[in-house]
Each structure stands twice: as C-alpha cells, then as structure tokens.
Amino acid sequence: DIMVLNEVDFSSAWSFHVDQAQYIGKRCGYPYILKQKNINVSFPFYRFCFGNAILSKYPIRNEKFIDFEPLSEVEDIFAGNHDAVYCEIELPFGILGVLAIHLEYRSEDVRVRCAKYLTEMCSGIKFPIILLGDFNSTPAGLSKSRLSESGENAISFLLDKARFSSYLKKSGEPDKYTFPSENPQVLIDWILGKGIREFSDSGNIKSDLSDHLMVVTTINL
C-alpha cells in the first residue's frame with residue numbers, strides 16, 4: 001500500500017518529460033503522491049529533474065523535506081543534493097511515519113553523519129516509522145563495505161547502535177544484494193523500521209526497470 005521511489009524522473013529530457021511518479025501512481029492505484037526534487041538542472045532546450053517520491057493508497061500528512069549535509073556546497077547550490085522526505089500516512093489502524101531516503105554515494109563519512117541525524121530525528125516520533133531507499137551503504141564485513149575516517153559505517157550504525165530493525169539482518173547472501181540489477185554485487189537498498197513488530201514476505205524483485213533491484217516487504221505493526 002506504500003511505494004517509495006528514488007531518482008524518479010519528474011520532468012527530464014532523457015525520459016521524454018514524463019512525470020514518472022504521477023504515471024506510476026495513476027496506473028497502480030496510488031492516489032496520494034509526495035514528491036521531492038533532489039536534482040533540478042536546466043540548460044537551453046534540455047532539463048533533468050529527479051528525486052524521491054512516496055506513493056500511498058492512504059492520505060499523506062505533515063510532510064517534511066529534509067536537507068542532508070552535502071558533500072559539496074557548490075554542487076548543492078547549482079544542481080542539488082541527495083536528500084530525504086518524511087510524511088505521516090493515515091492507515092486504517094493508525095499513523096505510520098515514512099522516510100524516503102537517498103544518501104550520498106561518494107562518502108561514508110557523509111552517510112554516517114546523515115544516519116546519526118536520522119536517528120536523532122526518529123527518536124522523537126511516538127508511532128511506528130519506516131525508512132526506505134538507497135542508503136548507498138553496505139554493512140561492515142560484507143563485500144565492498146566502506147568505513148568513515150572514524151571507522152564507522154552508516155548501515156551498521158543504524159542497525160547496531162540506533163537499533164533500527166530490518167527486513168534482513170546484514171545478510172551476506174548474494175540473493176539479497178541489490179546493485180547492480182543485472183548482476184548484484186552489493187547490498188545498499190534497505191527498509192528499516194522503529195516500532196515495527198515484524199517484517200515478513202520480504203525479498204527482491206528481479207527487473208531491468210532500474211539499475212537497482214526493487215525491495216519489497218510486509219510490515220506487521
């Protein structure tokens with residue numbers, strides 16, 4: 001009943017100026033859509049604009065756009081940054097907080113600082129919350145994992161120190177890897193939660209629609 005999209009095009013020349021979030025929402029039965037433009041750059045006769053989107057079959061409220069610390073201030077000013085967007089979804093049995101997240105891919109130091117910011121933010125939320133998206137971080141000990149200069153890892157911090165639950169437990173199984181989609185080598189796409197009783201029916205969807213595999217799960221509150 002909830003879908004999160006990363007790097008979804010809103011109006012880009014390379015995808016024929018189709019608002020992909022609206023297109024998917026309309027055809028898949030998601031009447032409520034929250035969009036966040038992370039990258040928005042225009043040139044004469046050419047524009048690309050993409051970011052995060054939360055699609056829901058239930059009403060969305062209390063939207064909050066989160067500006068993460070950028071790797072480059074100049075890049076952030078002129079093009080944009082990988083950021084996050086938060087909302088609350090009014091489910092039939094209560095409120096669920098949802099965070100669509102896309103973290104910086106070039107620096108584990110930046111990712112760790114973002115993870116700590118998210119932890120502090122979520123500590124004040126009194127109802128269940130899920131974090132979904134491309135964290136660009138592989139847990140310590142797995143293939144191609146990275147550490148910050150202080151020896152920390154963003155996903156390991158969220159799972160071990162911040163005590164977020166997950167649809168998997170830092171799995172080393174190749175069938176859980178998510179990138180690149182044609183031959184997954186790393187685990188960087190995650191669904192995390194606080195106040196979630198259980199994740200079930202979890203897995204990856206094999207597809208060539210993206211360079212990342214889609215991750216699905218059922219949450220039990």
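One is the number of the first residue; the rest follow in order along the sequence.
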*Using a cut-off of 6.0 Å, state whether more than 12 heavy atoms not belonging to Phe65 lie near its atom CZ.*
yes
*asked:* Measuring from atom CG of Leu103 to atom CG of Asn136, what distance do you get when rounded to the nearest 0.5 angstrom?
replied: 7.0 Å
*More than 12 non-hydrogen atoms from neighbouring residues, nucleotides or ligands closer than 6.0 Å to CZ on Phe127, yes or no?*
yes
*Inspect the surroundings of CD in Glu120 and state if more than 12 heavy atoms from other residues, nucleotides or ligands are less than 6.0 Å away.*
no
*Looking only at side chains, do Glu152 and Ser150 share a donor and an acceptor under 3.5 Å apart?*
yes
*Counting N and O atoms only, with roles assigned by atom type, does the side chain of Glu63 sit under 3.5 Å from a partner on the main chain of Val85, one being a donor and the other an acceptor?*
no
*Would Ser202 and Thr217 count as having a side-chain donor-acceptor pair, cut-off 3.5 Å?*
yes
_Shortest non-hydrogen contact between Ile33 and Gly25, atoms and distance_ = CD1-CA, 4.1 Å
*Within 6.0 angstrom of Lys26 NZ, more than 12 heavy atoms from elsewhere*: no
*Between Ser56 and Tyr58, is there a donor-acceptor pair closer than 3.5 Å when you use the side chain of the first and the backbone of the second?*
yes
_Checking Ile129 against Val98 for the side-chain contact (heavy atoms from CB on, under 4.5 Å) test, could you report, in this order, the C-alpha distance in whole Å, the side-chain angles of both residues, the deciding distance, and whether it holds?_
CA-CA 6 Å; Ile129 182 170; Val98 177; over 6 Å; no
*So, for Ala21 and Phe10, which heavy atoms are closest and what is the spacing to 0.1 Å?*
CB-CE2, 4.0 Å
*asked:* I'd like to know if the side chain of Ser156 and the backbone of Ala140 have a donor-acceptor N/O pair within less than 3.5 Å.
replied: yes
*State, to 0.1 Å, how close Asp160 and Arg163 come at their nearest heavy-atom pair, and which atoms those are.*
O-CD, 3.1 Å
*Can you check whether Val186 reaches Tyr177 side chain to side chain, under 4.5 Å on heavy atoms?*
no
*Distance-only donor-acceptor check, side chains Arg47 and Asn40, under 3.5 Å*: yes
_Does any part of the side chain of Glu198, heavy atoms only, come nearer than 4.5 Å to the side chain of Ile219, both counted from C-beta?_
no
*asked:* I'd like to know if Glu104 pairs up with Arg111 as an ion pair, taking the criterion as any Lys NZ or Arg NE/NH1/NH2 lying under 4.0 Å from an Asp or Glu carboxylate oxygen.
replied: no
*Should Ile95 and Ile60 be regarded as members of a common hydrophobic cluster, given that ILVMFWY residues are connected when their side-chain heavy atoms come within less than 4.5 Å of each other, either directly or indirectly?*
yes
*Going hydrophobic residue to hydrophobic residue with side-chain gaps under 4.5 angstrom, can you get from Tyr86 over to Ile191?*
yes
*asked:* For Leu71 versus Asn81, what's the shortest heavy-atom pair and its separation?
replied: N-OD1, 4.4 Å
*Just how far is it from atom NZ of Lys35 to atom CD of Gln20, taken to the nearest 0.5 Å?*
11.0 Å
*Hey, does the side chain of Asn38 reach the backbone of Glu7 with a donor-acceptor pair shorter than 3.5 angstrom?*
no
*Say whether Asn6 and Asp134, considering side chains only, have a donor N or O and an acceptor N or O under 3.5 Å apart.*
no
*Do the rings of His102 and His82 sit parallel, tilted or perpendicular, given the 30° and 60° boundaries?*
parallel
*Check whether Leu96 and Ile125 end up in the same hydrophobic cluster, where Ile, Leu, Val, Met, Phe, Trp and Tyr are linked by side-chain heavy atoms less than 4.5 Å apart.*
yes
*Take Leu187 and Leu142 through the side-chain contact (heavy atoms from CB on, under 4.5 Å) test and state the conclusion after the steps.*
CA-CA 8 Å; Leu187 175 58; Leu142 291 192; 4.3 Å; yes
*Is Asp76 close to Val74 at the side-chain level, that is, under 4.5 Å between some pair of heavy atoms?*
no
*Are the side chains of Ser12 and Val18 in touch, meaning some heavy atoms are under 4.5 Å apart?*
no
*Roughly how far apart are Tyr23 OH and Asp9 CG, rounded to 0.5 Å?*
14.0 Å
_What's the separation between atom CZ in Phe179 and atom NZ in Lys144, rounded to the nearest 0.5 Å?_
9.0 Å
*Measure the spacing between NE2 of His212 and OG of Ser181 and express it to the nearest 0.5 Å.*
8.5 Å
*ILVMFWY network linking Ile39 to Ile66, side-chain heavy atoms under 4.5 angstrom*: no
*Any side-chain donor-acceptor pair under 3.5 Å between Ser143 and Gln185?*
no
*More than 12 heavy atoms of other residues, nucleotides or ligands under 6.0 Å from CZ of Phe16: is that the case?*
no
*Report yes if some heavy atom in the side chain of Phe164 is under 4.5 Å from a heavy atom in the side chain of Cys122; otherwise report no.*
yes
*asked:* What I'd like to find out is whether the side chain of Leu192 reaches to under 4.5 Å of the side chain of Leu159, using heavy atoms alone.
replied: yes
*Is a side-chain N or O of Asp109 found less than 3.5 angstrom from the main chain of Glu149, in a donor-acceptor match?*
yes
*Find the distance between CG (Asn62) and NZ (Lys64) and round it off to the nearest 0.5 Å.*
11.0 Å
_Ser165 to Ile196 - nearest heavy-atom pair and separation_ = OG-CB, 4.2 Å
*asked:* Within the structure provided, determine whether Pro139 and Trp190 are in side-chain contact (heavy-atom separation under 4.5 Å).
replied: yes
*Give the ring-plane orientation class for Phe48 versus Phe50, where under 30° counts as parallel, over 60° as perpendicular and anything between as tilted.*
parallel
_With Ile2, the side-chain contact (heavy atoms from CB on, under 4.5 Å) member among Ile89, Leu132, Leu55_ = Ile89
*Could you tell me whether a side-chain N or O of Asn153 sits under 3.5 Å from a main-chain N or O of Thr138, the two making a donor and an acceptor?*
yes
*Linking I/L/V/M/F/W/Y whenever their side-chain heavy atoms sit closer than 4.5 Å, directly or via other members, would Leu213 and Ile205 fall into one cluster?*
no
*asked:* Has Glu108 got a side-chain atom pairing as donor or acceptor with Leu147's backbone, closer than 3.5 angstrom?
replied: no
*Side chains of Ile188 and Ile155: closer than 4.5 Å at any heavy-atom pair?*
no
_Cation-pi check for Tyr32 against Lys57: NZ or CZ below 6.0 Å from the six-membered ring centre and within 45 degrees of the axis, yes or no?_
no
*Nearest heavy-atom pair of Ile54 and Ala100: which atoms, and what distance?*
CG1-CB, 3.7 Å
